[in-house]
Each structure stands twice: as structure tokens, then as C-alpha cells.
Amino acid sequence: MADETVNEIIRLLKKEYPGVRIALHHSNPLELLVSTILSARCTDKRVNEVTEKLFKKYRTAQDYVNVSREELEKDIYSTGFYKNKAKNIKKLSAILIENFNSQVPDNMHDLTALPGVARKTANIVLSNAFGKVEGIAVDTHVKRQSLRLGLTVNKNPGKIETDLMALVPKSDWGIFTLLLIHHGRRVCKSRKPMCGECVLNSLCPSAFSFG
DNA sequence: CTCCCGATAT
DNA sequence: ATATCAGGAG
């Protein structure tokens, strides 16, 4: 895989989706952290529906600590995995209060030490809440399209991230994920990719096999 | 590797 | 009915 191919992919997607922005609604780092945790195996549409009410009720880490686990579970129920998510959000909130003056840490080491937070979530928060870049967030869309486009042959998200970091210019690490998520939801879908409408069609090794 | 898990598209 | 959705932990 030549670096030029990746640059062309990024150029075409930027042109197709100018001003692409993160779809998860948030107004501060804590909201983005919670929103990203809730987005695991759940559509961002539903996450935004849930957080619209959630963020009016829970404004600080202390608010998540104060409420009972059962009540928080009910408040995030429809996002799925609600027991794990509620437990992690409560536990993580206690850590923020105890160790970080109730604030969300702005570095990879501290973020990934939080329960329910691994590199994907940390990369999203770092890039979109703090303007920092320490890696490339590899979610289901980035994984699927990186494989289809031939940017990696690995299926492990950690290895995919390493492969992508070697190919994508660091100045594009943040927007790369946003572009692929946007494109993956509209065109390069998991079940029925719309290759006929894809701006990457001519340089995608998988285009023919998807008609 | 399995488990967590509701909601929606196909 | 089944696959999939801004994953992560054990």
C-alpha cells in the first residue's frame, strides 16, 4: 500500500464530506466521554436521543456517583450493554473525582486506565474534546473500510491502528476516523455497500466484489 | 475466545 | 430470523 493512495482517499473523502464533524452530541469532555462509551455497538442516532435527556440530568462526575446504579441503568437502557456501561460510568466518575479534580484527563495513559475506556474511546475524546492526537480511533467503520480498501490485512483493532498510523499523515489522524465513519454509514455499509455511488470506487480493491 | 444487550435494517 | 450498530473486559 503506497502512501499516495491513502492521501488520495483522504482527499476524495474531504471533498465529498466538507466540514465533517463528530455526530455524537456533546458540550464538554465529560459529555463526549460518556457519549462515546454509550456508542459501543449502538447507533449514534440512539445515543444522541438518550444523551439529550441524560446530560440535562447528569452535569458533573459527582452526579453519576450520587445516583443509584439501577437508576443510571434505566437512563441509558436503550443503548444496550446497559449494565456494563452504567457500572463503568459510575466507577470512572469516582476516579475522576478522586484523581483528576473531577475533570476528564487529556492524555492516553490516564484515559485508557479508566474502566470501559480503551484506545478507540480515548482517541475520540483526545481528538474531539482536547484537539490532541495520539493515535487513530479504530471503530467498526474504520476497521471494515480499512480492510476493504486494503489499508491493512489485520483484523485486530490495535494492529489496524498501527498500520494506519504508518500510512496516514499525522495531521489527518483525527479527521480520518470522522470521514470513514461518515462514509461507512452512508455508502460503504457493512451489509450492502453502495459501490456504484462510492467516490473511492476506482481505487478500492473490493469494489468489484460488491458490485 | 466469550460475554455483555436493546433496537433497527435486511 | 439474522446481522449489525462510533467496544471493552475477562
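Remember, predicted model here, so these are calculated numbers, not experimental data. Letters go in sequence order (proteins before strands), and every chain restarts at 1.
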Roughly how far, to the nearest 0.5 Å, is NE2 of His141(A) from NE2 of His182(A)? 11.0 Å
Among all residues two or more places apart in sequence or in another chain, which pass the salt bridge (charged side-chain N to carboxylate O under 4.0 Å, His left out) test with Asp110(A)? none
Tell me which residues in residues 76-85 of chain A put a heavy atom below 4.0 Å from DNA chain B, sorted by number, or none. Tyr77(A), Ser78(A), Gly80(A), Phe81(A), Tyr82(A), Lys83(A), Asn84(A)
Out of curiosity, does Val67(A) fall in the hydrophobic cluster containing Val34(A) (side-chain heavy atoms, cut-off under 4.5 Å, transitive links)? yes
Note: Lys57(A)-Glu71(A) ion pair, threshold 4.0 Å (strictly below): yes
What parts of residues 30-45 of chain A reach DNA chain C, counting only heavy atoms under 4.0 Å away? Ser39(A), Ala40(A), Arg41(A), Cys42(A), Thr43(A), Asp44(A)
Distance check, P atoms only: dT10(B) and dA6(C), in whole angstrom units. 13 Å
Quick check: any donor-acceptor pair below 3.5 Å linking the side-chain of Arg191(A) to the base of dT2(C)? yes
For Arg69(A), look at atom CZ and say whether over 12 heavy atoms of other residues, nucleotides or ligands are found less than 6.0 Å away. no
For Glu31(A), all residues meeting side chain to side chain donor-acceptor pair (under 3.5 Å), sequence neighbours excluded: Ser27(A)
At the 4.0 Å heavy-atom cut-off to chain A, mark where contacts on DNA chain B begin and end, going 5' to 3'. dC4(B) to dT10(B)
Work out which heavy atom in Lys83(A) is nearest to a heavy atom in Glu73(A); give both atom names and the distance. CG-OE2, 3.7 Å
Around atom CD of Glu8(A), are there more than 12 heavy atoms from other residues, nucleotides or ligands closer than 6.0 Å? yes
Answer yes or no: is there a side-chain heavy-atom contact under 4.5 Å between Val117(A) and Val125(A)? no
Could you tell me how far apart Leu24(A) (CG) and dC5(C) (P) are, to the nearest whole angstrom? 15 Å
Quick one, Ser102(A) and Ile97(A) - any side-chain contact, counting heavy atoms below 4.5 Å? yes
Which word best sums up how the rings of Tyr58(A) and Tyr64(A) line up, parallel for under 30°, tilted for 30 to 60°, or perpendicular for over 60°? parallel
Answer yes or no: is there a side-chain heavy-atom contact under 4.5 Å between Val50(A) and Ser35(A)? no
Round to the nearest Å and state the distance from Ile89(A) atom CD1 to dA9(C) atom P. 13 Å
Using a cut-off of 6.0 Å, state whether more than 12 heavy atoms not belonging to Lys159(A) lie near its atom NZ. no
Euclidean distance, atom CZ of residue Arg46(A) to atom P of dA6(C) [Å, nearest integer]: 12 Å
For Leu92(A) and dG8(C), what is the distance between atoms CG and C1' respectively, to the nearest whole Å? 13 Å
Whole-Å gap separating P (dG8(C)) and NZ (Lys91(A)): 16 Å
Distance check, C1' atoms only: dC4(B) and dT4(C), in whole angstrom units. 15 Å
Within residues 111-143 of chain A: residues closer than 4.0 Å to DNA chain B (heavy atoms): none
Between dC5(B) and dG10(C), how far is it from one P atom to the other, in whole Å? 14 Å
Taking every non-hydrogen atom, the tightest pair across Glu161(A) and Asn123(A): OE2-ND2, 3.1 Å
Taken to the nearest whole Å, CZ/Arg144(A) to P/dG7(C) is 10 Å
